[in-house]
2 protein chains.
Amino acid sequence: MARKIDEEKIWRIKASTMKTIVDYGIEATTIAMIAKNANVSGGYLYRIYSGKQDLINELYDEKISSLYQELEFLIALNNTSFKPIISAFVQNRIVYSLNEPIASKFFYQLLHNDNFSLTEELKDKSLSLMQTLKEIGVNTNEISKNVSLYQLYYHIFVYVVDYIQFKRNNIFENQDLLNDDVEYLTNNILNFLKSVD
Amino acid sequence: MARKIDEEKIWRIKASTMKTIVDYGIEATTIAMIAKNANVSGGYLYRIYSGKQDLINELYDEKISSLYQELEFLIALNNTSFKPIISAFVQNRIVYSLNEPIASKFFYQLLHNDNFSLTEELKDKSLSLMQTLKEIGVNTNEISKNVSLYQLYYHIFVYVVDYIQFKRNNIFENQDLLNDDVEYLTNNILNFLKSVD
DNA sequence: AATAAATGAATGAATGTTTATTCATATCTT
DNA sequence: AAGATATGAATAAACATTCATTCATTTATT
């Protein structure tokens, strides 16, 4: 055997990628900047990733994946009613944005960048998750039976992430995220999904 | 005097910039691509704009500006009740996304890109518009007096634009935007802003 | 009215910088 | 020593930007 792969090095690359993108934007971020910030040689990135696009896409897929896993876990924990699932999910998003502001903002940026899209596998998973959630909500009568999978997806994934990010980067005032936000967002989501006819 | 400035040329540059960015993303868009697509020489862009960043930012400011003007007009038209203003604004956003899909998507992309931000002047205008709207809504009791300017701003500007764009780029199915959407979005917004406590 | 001179618009090839990517070499672990 | 990891200088392509030049239009002069 030879020298071991330094796992921490890969972790540093990921952290550096997110930080650099959050600080300077995807456009201005270069491989050299990422490597320097990660204390890693430029060429080393190419041993692991096939390039900048691949590196960012893989990171994004990772984030989406863990989000879906989290939701699956919450569904398994409580599959008889809709609100607790959403409420816990929203709370986790707020906690995440406070504890991991860089990762959180990185995710937000990619969510709205069409150059980086999901794998077919993740799209399928997304679809089946929304279907499961819809069944739960419709059965308990917490949401309308006419709600579309799109409406579910948008309000659960995009609305929450966006609201939190916009609140943090606010042009009006720098506002703290509060526990009140969990309830506010959860209720808003339930109202949307209930009011479809 | 010399030759006149060809105004259509500037129009072509703007249209080309939006189209190229929508097709390839801001990152992959080059000055050469924009110029070629606009049938304009590469160097000509620098007579009008100081560079790529300036060109995009100016276009973005233009879009924001006309959005604010539109809202001002709607407020002047009906300054005694909140819902008609929002309803008309939402309807205009949907019509705009159907009639000007490229401009609409361009705007959406920039709304979520922190590398391009508003001028202080536009931020001020935004603030005063939200204050005016809040007064109208609170007076008629259509929205909560505890609503923050941020919540107003997010739900009126961001939520509507995002919902529409996500519906069009849907990973689930390609859905048409309908008149039903106007009512759905308007009601959602009013519910959000009413339910703050 | 005809012609020349002046002005500023517009061009696109040339420039120099930046960037992703490669590869010969060094380093580390067993 | 062997076999892998890791380096970073070297490379080549892509890029934004500049600038000498050309071209269209207007104004002045006869």
Side-chain angles (χ1 to χ4, degrees), chain A residues 1-62 106 109-110 113-117, chain B residues 1-62 106 109-110 113-117:
Chain A
M1 272 272 226
R3 187 172 174 179
K4 270 189 208 152
I5 291 183
D6 190 342
E7 286 296 335
E8 205 219 309
K9 214 163 266 191
I10 294 173
W11 184 89
R12 285 210 309 271
I13 290 172
K14 288 179 181 178
S16 167
T17 303
M18 293 192 289
K19 172 112 174 75
T20 312
I21 285 177
V22 165
D23 285 348
Y24 303 100
I26 290 173
E27 175 164 37
T29 296
T30 66
I31 291 283
M33 285 161 88
I34 293 171
K36 189 179 180 179
N37 216 277
N39 242 313
V40 154
S41 69
Y44 183 59
L45 282 154
Y46 290 87
R47 292 191 61 79
I48 301 167
Y49 302 100
S50 71
K52 189 179 160 189
Q53 177 86 15
D54 180 56
L55 162 61
I56 297 172
N57 231 325
E58 206 148 299
L59 261 172
Y60 180 47
D61 277 3
E62 235 172 60
F106 170 78
Q109 279 183 249
L110 284 168
N113 191 319
D114 292 338
N115 289 113
F116 302 89
S117 61
Chain B
M1 273 270 224
R3 183 174 178 178
K4 271 188 206 150
I5 289 184
D6 189 342
E7 286 295 337
E8 205 218 310
K9 215 163 267 192
I10 295 173
W11 184 89
R12 287 210 307 272
I13 290 172
K14 287 178 181 176
S16 167
T17 304
M18 292 192 288
K19 171 110 173 78
T20 312
I21 285 176
V22 165
D23 285 349
Y24 303 101
I26 290 173
E27 174 163 38
T29 296
T30 66
I31 292 283
M33 284 162 88
I34 292 171
K36 189 180 180 179
N37 215 278
N39 243 314
V40 154
S41 68
Y44 182 59
L45 282 153
Y46 291 88
R47 290 191 63 80
I48 301 168
Y49 304 99
S50 70
K52 190 178 159 186
Q53 178 86 16
D54 180 55
L55 162 60
I56 297 173
N57 230 327
E58 207 148 297
L59 261 172
Y60 179 48
D61 277 2
E62 238 173 57
F106 169 79
Q109 280 182 250
L110 284 166
N113 192 321
D114 293 338
N115 289 112
F116 303 89
S117 61

Novice: On the nucleotide C:dC28, are OP1 or OP2 found under 4.0 Å from the side-chain N or O atoms that A:K9 carries?
Specialist: no
Novice: Less than 4.0 angstrom between a side-chain N/O of A:R47 and OP1 or OP2 of D:dT5, yes or no?
Specialist: yes
Novice: If only side-chain N and O atoms of B:S41 are considered, is one of them under 4.0 Å from the OP1 or OP2 phosphate oxygen of C:dG12?
Specialist: no
Novice: For B:K52 and D:dT17, what is the distance between atoms NZ and C1' respectively, to the nearest whole Å?
Specialist: 13 Å
Novice: Write down the distance between CG (A:N39) and C1' (D:dG8), rounded to a whole number of angstrom.
Specialist: 14 Å
Novice: Could you give the CD1-to-P distance, from A:I26 to C:dT19, as a whole number of Å?
Specialist: 16 Å
Novice: Take the protein atom CD of A:E27 and the nucleotide atom P of D:dA14, then report the distance between them rounded to whole Å.
Specialist: 17 Å
Novice: What is the separation between atom CE on A:M33 and atom C1' on C:dT18, rounded to the nearest whole Å?
Specialist: 12 Å
Novice: Rounded to the nearest 0.5 Å, how far apart are OG of A:S50 and CD1 of A:I48?
Specialist: 12.0 Å
Novice: Using the side-chain heavy atoms of B:I31, tell me which of these nucleotides is nearest: C:dT21, C:dA10, D:dA16.
Specialist: D:dA16
Novice: Please confirm whether the shortest side-chain N or O distance from A:Y44 to OP1 or OP2 of D:dT7 is below 4.0 Å.
Specialist: no
Novice: In Å and rounded to the nearest 0.5 Å, what is the CD1 to OH distance from B:I10 to B:Y49?
Specialist: 6.5 Å
Novice: Do B:Y60 and B:N113 come within less than 4.5 Å of each other through their side chains, counting heavy atoms only?
Specialist: no
Novice: Can you find a heavy atom in the side chain of B:L110 that is under 4.5 Å from one in the side chain of B:I21?
Specialist: no
Novice: In this structure, how many angstroms lie between the C1' atom of D:dT18 and the CD1 atom of B:I48, rounded?
Specialist: 16 Å
Novice: Write down the distance between CG (B:D54) and P (D:dT17), rounded to a whole number of angstrom.
Specialist: 10 Å
Novice: For A:K36 and C:dT19, what is the distance between atoms NZ and C1' respectively, to the nearest whole Å?
Specialist: 15 Å
